[in-house]
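Sequence lines set the chain letters: A, B, ... in the order given, protein chains first and strands last, and positions in each chain run from 1.
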Amino acid sequence: MGIRFILMVNKQGQTRLAQYYEYLTIEERRALEGEIVRKCLARTEQQCSFVEHRNYKIVYRRYASLFFLVGVDNEENELAILEFIHLLVETMDRHFGNVCELDIMFHLEKAHFMLEEMVMNGCIVETSKSNILGPIQLLEKAS
Amino acid sequence: MALSGMRGLSVFISDVRNCQNKEQERLRVDKELGNIRTRFKNEKGLTPYEKKKYVWKMLYIYMLGYDVDFGHMEAVSLISAPKYPEKQVGYIVTSCLLNENHDFLRLAINTVRNDIIGRNETFQCLALTLVGNIGGREFAESLAPDVQKLLLSSSCRPLVRKKAALCLLRLFRKNPDVVNVDGWSDQMAQLLDERDLGVLTSSMSLLVALVSNNHDTYWSCLPKCVKILERLARNQDIPQEYTYYGIPSPWLQVKTMRALQYFPTVEDPNTRRSLFEVLQRILMGTDVVKNVNKNNASHAVLFEALALVMHLDAEKEMMSQCVALLGKFIAVREPNIRYLGLENMTRMLMVTDVQDIIKRHQAQIITSLKDPDISIRRRALDLLYGMCDVSNAKDIVEELLQYLSSADFAMREELSLKIAILSEKFAPDLSWYVDVILQLIDKAGDFVSDDIWFRVVQFVTNNEDLQPYAALKAREYLDKPAVHETMVKVSAYILGEYSHLLARRPGCNPKEIFSVMHEKLPSVSTPTVSILLSSYAKILMHTQPPDPELQSQIWAIFNKYGSCIDVELQQRAVEYIELSRKGAALMDILAEMPKFPERQSALIKKAENSEADTAEQSAMKLRAQQQNSNALVVTDQHPANGPSTVSQLSLVKVPAMSNVDGESPDPAVTEANGTLTVVDPPFEDLLGPMAIEGPPSATAEAEHIQASGLAGVPNAGEALAIAPVEDQMNTVQPIGNIAERFHALCLKDSGVLYEDPYIQIGIKAEWRAPHGRLVLFLGNKNTSPLVSVQALILPPAHLKLELSLVPETIPPRAQVQCPLEVVNLRPSRDVAVLDFSYKFSSHAVNVKLRLPALLNKFLQPIQVSGEEFFPQWRSLSGPPLKLQEVVRGVRPMPLLEMANLFNSYRLMVCPGLDPNPNNLVASTTFYSESTRAMLCLLRVETDPADRTQLRMTVASGDPTLTFELKEFIKEQLVSIPLVARPPAPVPPQPQPTIPPSPSATSDPGALLAGLL
């Protein structure tokens, strides 16, 4: 089914956003996030962006203090996911203007809204930034 | 204005952020949870704004990893809020916090449905997203038709339809029996004409799910996918918003190429040409650029194109282009590209015969094995493992062994297993194999499982030439300063058995051997001590003339362990003392272990099992499975039809079947059948290397009998004679279920027909009208030849079968291909049988296997329209051309599954012809020499109230065909083909004990097949 989860984690290993597309119990999530974060954060810039963990392949990218980690199954194209992460970041950037960790932290709901417009049921729905941001702008106008 | 003005939430988040440690954080979170709980208790006093705020707090706490076991109701209730901001929060938080089985979700179904069918687009989107993310069975039951309608509606805007597509995808995947996608091929094809890229992107995901389930139905989508690729990759006909760094939606391109990989081939020459043009453009036109994002995106497309070309097994030129590209990739510095180069090269090994070209990159791949990045090392290891064969095994295994010492901990176990498997599979000679495994134990003893050293013992025991060499090596390793316990085990075993072969060498007299072994005793665990004790007894026995000094030394040890607290050791010690007092009788009991029966390597079996994956069916995987099944583990470069050893096996004439009649309950057949299913003979264990290790009770017990028997009966040594040599017929166990394999092959055209520890018979078939060409792949899995190989075809009267020469001998580790030509003379559902036999050491194996040349293989699915169907149906007015029957005892299945079943038997279900949704109409063309091409029509009327019965009407222009086809379909519906029938007890009268096939006729061919 493609994307299994999307995580945003800072350098200290604190989760800033977690969206799962398959059900895991809270204990399973904690364990999984811990293992993945330990593995990925230890890697250097010269190493590749893919890490194999359990049945997942983690495609990750680092932006300043924040790591974006996407867990996929064997049915995904790794580079396409890697660029999808960048698309997500660019989209957030367009909305927040120079997005940083704090934006995501204090606007958790907006980050969720954006993600929801981009990914559904583990599949990519939309890749046009203006289409993705449409509903949020609508909401802001309403409030 | 943080968080749309939810100040309390911002304060809470800052508080958590400012916590110095986890404990403080927990306290703060607990306090907040308490606060939310009290507020929710008095729900009346909450404004929608407050509710929204608390629900977000819950989500935040949940994200931090704390369980939130209350407040779900409040989240769900926000879904029915009238205003967008509250509703949205309700939807999003609910889909994050709850899963599809949560009870509260049920409460929301009505609201969700109202939102979906309502007029408010934004509400529709929210509702579709929730269902798409966590919708379960009840949602599928109540919403699927509405969602389908939205997806196809022309009045609906793209923003709703793209969500409907993925929502439907979830409902279909979770509940394929509920969501009716019969006849969706047209709608799907229509969806692919969509201009909006969002709708197209999600529809493509939907298509992938549908074709991965059943590609046959969606052929009409294939040219559309190619059109989309052309539109994107060639014409770049796409809104600016959807180009990413100048590349037209790389995600849609990738997805489209993924969908194409689920179709086995592209048959239409025009479509094929267009597709290859696009692929060629991608392969040639992708350059390395400076911008990272652009580079990644274009390479994402390129790698997918490579995968598609590999899948299509395209023209040679294009394939070598791909290998060249991959060769370039695995040498670049950019780690992502290198990783993917290695990964895709490994895939390439599976799909095509390009091993030789890939081998040229061996040195480069070995360099990657030493890369600082573990992800890349893993890929390199996998690739080396996959590309290893007899020709390069020495190099690769030695490279892996060298790497083992420096490999990180996480990889050592896998690496050890791979070394063990490769050295066993591809050993150019057995002494090399022994060397490798001993080195392996020496370097990574902790990661060498018992299976691995058991296997060495088996090989050494079975090959006399190897014994002195192995003993010498074992002796050398024991001299090393630090010896791993596994090394002690294997050395002690080998030296116990074979050290007498070394007697004349310096340092190898019994005393010296004993003392070097005995040095290790204080530092090893109990199971190893028990092996040592056995070895001492053996050394004692081999020391002729007896050496009194050695004897007293060893007896002293036995005496000491005679009162050991460990029962196993105590028993061994007592028995060995008792035995050694028997003098000459000792010789018989402690004689060398007999040869082991050849069996499949436990290691390789384990490796095969671990490859079985529970993940979804992927095109690549499906292909790989097919590939595995028709290609053996190893193929030597032996000519397919060995020139000298070929025995002329003439085509078996059709014996008019009548002479078989008298012997149809053939005792040999039933016997074969009976013994084949017998469980392991009880002595099997004694033969296993476990026998010396002790613990399993069977062994201990057997030894016990041995010892006590000895005490009583003077010549019991002979009576026990350790183990009966297995020379009876068919004590060889087939691997896997023969009936299951046959049934699988009825539906597909390649796979394994039969397998046992020595041989694997694969089959690959091509069918064209009444003709068929099957190739039998006979693969010898051993290091010794299989002899007296015989294959006889027992054809039913309606098939003409011609089997080419089958060589009498199959050389070690070689695979032989034997083509079999089939012509279908007339309709019949009888089954051809292959009577196959061979000998291996003392085993004579004879099996009778049904060949998957069934009636359905001569069918060609054909889609007919209403205008064609009804006149035909009416013109075939009644018996014998049109037969109707009420079938009872049908295996209950949903309609969709039944339609899939028909499709898989090449009866094409034509949706929409029958107005009643509970009925299925299907059509197909049957080919045989007597009937030529003949259209067959089928109608099945099911009873939704009782799925175990249905009415079936079959019509064709030939009475026999009508009857046979009807019976054939009935058999598929009634029997449960996957459950193997228990072997029938030898029946004096065949009729009553025939398996309950509804079609039991007196045809001997059918009977024979039934018995199998």
What part of [X] lies closer than 4.5 angstrom to a heavy atom of chain A: side chain, backbone, both or neither?
X: Tyr244(B); result: side chain
X: Leu166(B); result: both
X: Thr243(B); result: neither
X: Glu343(B); result: side chain
X: Ile134(B); result: neither
X: Arg378(B); result: side chain

Please evaluate residues Ile374(B) and Arg43(A) with respect to the criterion side-chain contact (heavy atoms from CB on, under 4.5 Å), reporting the C-alpha separation (whole Å), side-chain torsions for both, the decisive distance (0.1 Å), and the verdict. CA-CA 10 Å; Ile374(B) 187 168; Arg43(A) 293 170 64 84; 4.1 Å; yes

Taking every non-hydrogen pair under 4.5 Å, which of [options] racks up the most with chain B?
options: Thr15(A), Val125(A), Leu17(A), Thr44(A); result: Val125(A)
options: Val119(A), Ile26(A), Asp103(A); result: Ile26(A)
options: Gln19(A), Glu83(A), Gln47(A), Arg30(A); result: Glu83(A)

Spatial distance of atom [atom1] ([X]) from atom [atom2] ([Y]) [nearest 0.5 Å]:
X: Ser95(B); Y: His112(A); atom1: OG; atom2: NE2; value: 8.5 Å
X: Leu9(B); Y: Leu108(A); atom1: CG; atom2: CG; value: 8.0 Å
X: Arg333(B); Y: Gln46(A); atom1: CZ; atom2: CD; value: 9.0 Å
X: Ile13(B); Y: His107(A); atom1: CD1; atom2: NE2; value: 9.5 Å
X: Thr25(A); Y: Asp67(B); atom1: OG1; atom2: CG; value: 8.5 Å
X: Ser128(A); Y: Ile238(B); atom1: OG; atom2: CD1; value: 10.0 Å

Does Lys255(B) pair with Glu76(A) as a salt bridge, N-O distance under 4.0 Å? yes

Electrostatic pair Glu117(A):Lys163(B) at N-O distance under 4.0 angstrom: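 The answer is yes: the pair qualifies as a salt bridge.
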
Top of [options] for chain A proximity - count of heavy-atom pairs under 4.5 angstrom:
options: His299(B), Glu304(B), Lys83(B); answer: Glu304(B)
options: Thr122(B), Val254(B), Leu340(B); answer: Leu340(B)
options: Gly65(B), Gly135(B), Pro239(B); answer: Gly65(B)
options: Thr201(B), Thr129(B), Val292(B); answer: Thr129(B)

Flag, side chain of [X] to backbone of [Y], donor-acceptor distance under 3.5 Å:
X: Asp373(B); Y: Cys48(A); value: yes
X: Trp251(B); Y: Thr127(A); value: no
X: Glu241(B); Y: Ser130(A); value: yes
X: Asn99(B); Y: Tyr23(A); value: no
X: Glu116(A); Y: Ile92(B); value: no
X: Arg29(A); Y: Met63(B); value: no

Are there over 12 heavy-atom neighbours, none belonging to Arg94(A), within less than 6.0 Å of that residue's CZ?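 Counting neighbours around CZ of Arg94(A), more than 12 heavy atoms of other residues, nucleotides or ligands fall under 6.0 Å, so yes.
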
Check whether any side-chain heavy atom of [X] sits under 4.5 Å from a side-chain heavy atom of [Y], and report yes or no.
X: Met204(B); Y: Ile124(A); result: no
X: Pro135(A); Y: Tyr84(B); result: yes
X: Tyr60(B); Y: Met105(A); result: yes
X: Leu82(A); Y: Asn336(B); result: yes
X: Glu126(A); Y: Tyr242(B); result: yes
X: Cys96(B); Y: Tyr20(A); result: no

Atom of Asn133(B), atom of Asn121(A) and distance for their closest heavy-atom approach: OD1-N, 2.7 Å

Parallel under 30°, tilted from 30 to 60°, perpendicular over 60°: which one fits the rings of His86(A) and Tyr245(B)?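 Judged by the thresholds at 30° and 60°, the geometry between His86(A) and Tyr245(B) is tilted.
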
Using the six-membered ring wherever Trp is involved, compare the ring planes of Phe50(A) and Tyr339(B) and label them parallel, tilted or perpendicular (cut-offs 30° and 60°). tilted

Please state whether the side chain, the backbone, both or neither of Leu102(A) comes within less than 4.5 Å of a heavy atom of chain B. side chain

Applying a strict 4.5 Å limit to non-hydrogen atoms, the region of Lys57(A) in contact with chain B is side chain

Set out, in order, the CA-CA distance, both residues' side-chain angles and the distance that settles side-chain contact (heavy atoms from CB on, under 4.5 Å) for Ile337(B) and Leu79(A), then state yes or no. CA-CA 9 Å; Ile337(B) 303 293; Leu79(A) 286 177; 4.3 Å; yes

For Met120(A), the option from Cys167(B), Cys125(B), Ser205(B), Ser202(B) that meets side chain to side chain contact (heavy atoms under 4.5 Å, CB included):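 The side chain to side chain contact (heavy atoms under 4.5 Å, CB included) with Met120(A) is passed solely by Cys167(B) among Cys167(B), Cys125(B), Ser205(B), Ser202(B).
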
